[in-house]
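Read the structure below first, then the notes.
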Amino acid sequence: MRFIRFNFMASIISTLQKAVAASVLSLYNDNTDAAKVQVNTTPPDFTGDYSVVVFPFVKISKKAPDATASEIGAYLQENVPEVKGWNVVKGFLNLEIADSYWNNFLSGLLADADYGRQPRNGHRLMVEYSSPNTNKPLHMGHIRNILLGWSCTRIMEAAGYDVVKTQIINDRGVAICKSMLSWLKFSEGKTPESEGIKSDHFVGDWYVLFEQKSKEEYEQWQQTEDARKQYASRKKEEQSEKEFFKDYKNKWFNDYSVLGAEVREMLLKWENHDPETVALWKKMNGWVYKGFEQTYSDLGVDFDKLYYESDTYLLGKDIVDEGLDKNVFYRKDDGSVWIDLTDAGLDNKVVLRADGTSVYITQDLGTARMRYRELGCDQFVYVVADEQNYHFQVLFETLKRLGEPYAEGLHHLSYGLVELPTGRMKTREGTVVDADDIIAEVVRLATEQSSERGEIDGISPEEKTQNLKRVGMGALKFFIIKVQPKKKMIFNPEESVDLQGQTGPYIQYSYVRINGLMQRVEREQVDLSCAHAYANIQAQEKELLVALQDYPNIVALAAREYDPSQIANYCYALAKSYHRFWHDLSIFNADTAEAKAFRLSLSKATGQVLKSGMNLLGIEMPTRM
RNA sequence: GGUCCCGUAGCUCAGUGGAUAGAGCAUCUGCCUUCUAAGCAGAUGGUCACAGGUUCGAGUCCUGUCGGGAUCACCA
């Protein structure tokens, strides 16, 4: 048993790689790195399960590719029990694997509830994700962030890490003050309860109102004498009036806007701990958190540790002093502190303002060290949109130069913007896809389509609701995660609720089919123990076995690349193979008891891996649909 | 302008340097008396942005060009 277990764990590919390296040594007296031997799955049109690329050995053997392949093939069949047969086509050595290997593999997989999960590696890794501002509700962009982040925590956990899930909530600053001021001026004491609005949306509505009022104020100001003067003296050549005032908006807000002055005054009061302002801030943030909680719960995610920017925004000044001592930083005449990263292809960067206050990066330096001490993590993953690529390059390089012990364990999981088919989402144009809206919509659609099918009518209302939610969320989540993180994605709301084709529900449906089989196995007390006697593995079955065999590699790959889309695409391919298997072969009505037991076992194993893989994406499986 | 990312079928996306570049959507055509047809099978659809180079072999690696995006704040 120990021997079988060993081979099972080692995977057939590494067995073959080692065997090929041994054959090259034996035949041509040359040492080859086994890990570099290329072993691929054989394309469908050829006979065989795995193929060895022999071109790299031609120079060593000093023979034609086909002759070299034949010699290695003969050696492998002679010396490797798993290799049943071989053939050579155009320099490719195709190997057939013995049925007994596949039978052992299948029983090993079924006996291992944690199949695909790697041994603990002794590292503790933090994943920071979501990290919203508290002035408005979550939208599509946050959903991508949250799903990537959550999925990353699951994958890293499976890959052997002890994972800590965190977010840093941007609960202070100009944005929340805008919501606060707007509510104070215009709300007449309305509350989420009095208006019957989800509380984070309620706060967001005041933010939107603020922006509207501000826009009106700006338009009026543009007619004033001051505005004409600014335009005349500052405009660039060829710049239209409209373009000029677009660019000038920030400057106007700081120098002329009445609302702007009021916001800054409020921010100042907050920084000085003015009791009324702090109370208002707490009240409105409380509304936001209550709303966020609901959205997080709908998405099925949570956190181990929350950080608030109001607690961390002053951190990092001690590191600045330290960096000055170590000559990593330098001070300019005006008192501001900088780091020179030009030799790393980056620029000079401010780490402390001339007035001694923090900038964004100061806080991140401080937070990193605090987390290292507080959480005991030596690796950190920041799930943040790609517009901050440069910031993280600078941050990581700075931490490295400061000699921080975790500096080699930093990773920015950068992801591209979510766009609509019509272009970028814009708050001002009301084209932002709200998180709660899209969640409600996918569940509604799943419900609608399910009632047309009528397949889940016989189950309890609780189970029914749960299944429908899982299908709807499965559609949404898979749609987002299947795209590689670094690519920007086009979010088509109509396609995201599709339940057919390359979708979450397609994968869930294969699982539901398997679930139905397993319930019948239970009911009829089918004995699966004769599965190992099956000796006529069909192409559709082989396809599944090869895919199942690959699962641990895919988990490792997804972890190595911080790329959940690898898991998504794998699950889809596996489900596709299963649907074909289901269609082409009889399972319960198989010709022999062995075939029936084998196919049921294979189905069970497929269900196990599909459930495991989808779980890494945060997608739950329905029992029926 | 500097740096980074992207460019694959009408659309959305896959594709550890390996065989004839694949899926889904859309369009068209078949398959439910049999384990759930949210399924299966087939047809149509490609100058892998362009030009060089490395290699036995390039969608993949290198250089350049073009197109799209991000960023280069004492903002976060």
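Order of the sequence lines fixes the chain letters, A, B, ..., with proteins taken first and strands second; residue numbering starts at 1 for each chain.
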Rounding to a whole Å, what distance do you find between [X]:[atom1] and [N]:[atom2]?
| X | N | atom1 | atom2 | value |
| --- | --- | --- | --- | --- |
| A/K488 | B/rG68 | NZ | P | 11 Å |
| A/N589 | B/rC32 | CG | P | 17 Å |
| A/Y578 | B/rG39 | OH | P | 15 Å |
| A/F392 | B/rU71 | CZ | P | 14 Å |
| A/R264 | B/rC75 | CZ | P | 13 Å |
| A/H579 | B/rA23 | NE2 | P | 16 Å |
| A/F478 | B/rC25 | CZ | P | 13 Å |
| A/Q17 | B/rU16 | CD | C1' | 11 Å |

side-chain N/O [X] vs [N] OP1/OP2, d < 4.0 Å:
| X | N | result |
| --- | --- | --- |
| A/R580 | B/rA41 | yes |
| A/K349 | B/rC72 | no |
| A/R353 | B/rC75 | yes |
| A/Y506 | B/rC40 | yes |
| A/K486 | B/rC6 | yes |
| A/W582 | B/rA37 | yes |

I want to verify a distance call: between [options], whose nearest atom is closest to the [X] side chain?
| X | options | value |
| --- | --- | --- |
| A/D498 | B/rC25, B/rU71, B/rA76 | B/rC25 |
| A/K576 | B/rA76, B/rA41, B/rG39 | B/rA41 |
| A/Q484 | B/rC13, B/rA70, B/rA14 | B/rA14 |
| A/V89 | B/rU36, B/rC6, B/rA19 | B/rA19 |

### Message
Would the base of B/rA14 count as contacting A/S565 through its side chain, where contact means a donor and an acceptor less than 3.5 Å apart?
### Response
no
### Task
Would you kindly check whether a donor in the side chain of A/N94 faces an acceptor in the base of B/rA19, or vice versa, at under 3.5 angstrom?
yes
### Task
Apply side-chain contact (heavy atoms from CB on, under 4.5 Å) to the pair A/Y506 and A/K576, showing each step before the final yes or no.
CA-CA 8 Å; A/Y506 174 94; A/K576 191 172 171 59; 3.4 Å; yes
### Query
Hey, is A/F46 doing a stacking thing with B/rA19, by the 5.5 Å centroid and 30° angle criteria?
yes
### Task
Compare the aromatic ring of A/F92 with the six-membered base ring of B/rA19 and state whether they stack according to the 5.5 Å and 30° rule.
yes
### Query
If you round to the nearest 0.5 Å, how far is CG of A/L315 from CD of A/Q363?
7.5 Å
### Canonical and wobble pairing (Watson-Crick, G-U, under 3.5 Å) of RNA chain B, dot-bracket with |
(((((((..((((....[...)))).(((((.......))))).....(((((..]....))))))))))))....
### Query
What is the glycosidic conformation of B/rC32: syn, defined as within 90° of 0, or anti?
syn
### Task
Just call it for A/V53: base, sugar-phosphate, or nothing, with non-hydrogen atoms closer than 4.0 Å on any strand.
base
### Smallest separation among heavy atoms of A/L544 and A/S577, with atom names
CD2-CB, 3.8 Å
